[in-house]
Each structure stands twice: as structure tokens, then as C-alpha cells.
Amino acid sequence: MKKVAVFRGFVIASLAFCTINAYAADAKVPPAGTCAAKAYDIEQQLAQARQHRNAGQIQGLETALRSVQTHCQDDDLRVKRQQNLAEKQAKVAEREAELRESQQSGANADKIQKRQGKLAEAQQDLRAAQQEITAAGGQ
């Protein structure tokens with residue numbers, strides 16, 4: 001019984017691998033920031049996992065792919081990117097205020113330097129969020 005299940009899994013994986021390879025050869029990479037792009041990325045990872053016969057990873061990626069195909073909507077992704085951008089902007093503003101407060105209160109140099117580091121990190125996160133939106137076509 002177990003041999004049949006293993007064989008069935010192997011056949012299904014082989015067919016899926018062939019399908020993905022055929023799709024990848026004929027299809028262009030979908031636009032970034034879309035559900036199709038997410039599915040494409042998962043399919044690429046799935047092909048690699050199958051090539052390396054990583055059963056646990058295959059199972060997880062198949063679950064992720066089904067979830068994307070079932071639940072993902074491009075509008076939801078756009079809204080999440082915008083929310084992420086707003087959060088990063090708020091964090092930068094908060095870090096700037098903390099730094100100004102430290103400088104005005106005459107805090108020691110270590111504290112000011114620490115706040116500058118936190119601000120730089122927040123600014124880097126903001127740039128990453130902006131680049132993500134740009135890569136998705138400005139959405």
C-alpha cells in the first residue's frame with residue numbers, strides 16, 4: 001500500500017514538474033507584485049525542490065501554491081504594499097522625532113548615535129517598501 005502511495009506521488013510530481021517546465025518555457029515572467037508573480041515564484045521554488053527530491057519542501061510549496069491560487073487577489077497585495085509603506089513612513093517620522101528630542105535634550109553622544117542608527121535602519125526599510133511599490137508598477 002505504501003509503495004503505491006509513493007509511486008503515485010512520484011508520478012504526480014513528475015507530471016507537475018513537466019507541466020511547470022513547459023509553462024516556464026512558453027510563458028513570460030508575470031509582472032512583479034501580482035498574484036501571478038507570487039505563484040510563478042513558488043512554482044520555480046517547487047521545481048528546484050523536486051529536482052533535489054526534498055519531499056518536505058515540496059509539500060509546503062504545494063500548499064503555498066494552492067493557497068495563492070485560491071486566496072490571492074492583486075488588489076489585496078496592492079493595499080498591503082500601501083499599508084506597509086505608510087507604516088515605514090510613520091516609523092521614520094517617529095525615529096526622526098526621537099533623534100531631535102535626544103539632540104535637543106543634550107543627551108550623550110552614544111544615545112544620539114544609537115538613535116541615528118535606528119533612524120538609518122528605518123529609512124532603509126522605507127526605501128525597500130518604496131522599491132517594492134515601484135517594482136509592482138507604482139501600485
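- Separation of atoms CD1 (Ile58) and NE2 (His52) is listed at 11.0 Å; rounding is to 0.5 Å.
- Between atom CZ of residue Arg50 and atom CG of residue Leu61 there is a gap of 8.5 Å, rounded to the nearest 0.5 Å.
- Here the closest heavy-atom approach between residue Gly33 and residue Ala136 is recorded as CA-CB, 3.8 Å.
- To the nearest 0.5 Å, the span separating CD1 on Ile42 from OG on Ser67 amounts to 8.0 Å.
- Residues Leu46 and Val68 share a hydrophobic cluster, clusters being chains of Ile/Leu/Val/Met/Phe/Trp/Tyr side chains in contact below 4.5 Å.
- To the nearest 0.5 Å, the span separating CZ on Arg78 from CD on Gln73 amounts to 11.5 Å.
- Other residues, nucleotides and ligands contribute at most 12 non-hydrogen atoms within 6.0 Å of the CD atom of Gln59.
- Taken to the nearest 0.5 Å, the NE2 atom of His71 stands 10.5 Å off from the CZ atom of Arg66.
- The CG atom of Leu126 lies 4.0 Å from the CD atom of Gln130; values are rounded to the nearest 0.5 Å.
- Side chains of Asn54 and Gln48 form no contact here, defined as non-hydrogen atoms less than 4.5 Å apart.
- Across Pro31 and Ala37, no two heavy atoms sit closer than the pair O-CB, 3.2 Å.
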Tell me which donor-acceptor pairs under 3.5 Å the side chains of residues 90-108 have, and how far apart each pair is, sequence neighbours excluded?
from   : atom 1 : to     : atom 2 : distance (Å)
Arg95  : NH1    : Glu98  : OE1    : 3.1
Ser102 : OG     : Glu98  : O      : 3.2
Ser102 : OG     : Arg115 : NH1    : 2.7
Ser105 : OG     : Glu101 : O      : 3.1
Ser105 : OG     : Ser102 : O      : 3.2
Asn108 : OD1    : Asp110 : N      : 3.3
Asn108 : OD1    : Lys111 : N      : 2.7

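- Between Leu77 and Arg81 there is a side-chain heavy-atom pair separated by less than 4.5 Å.
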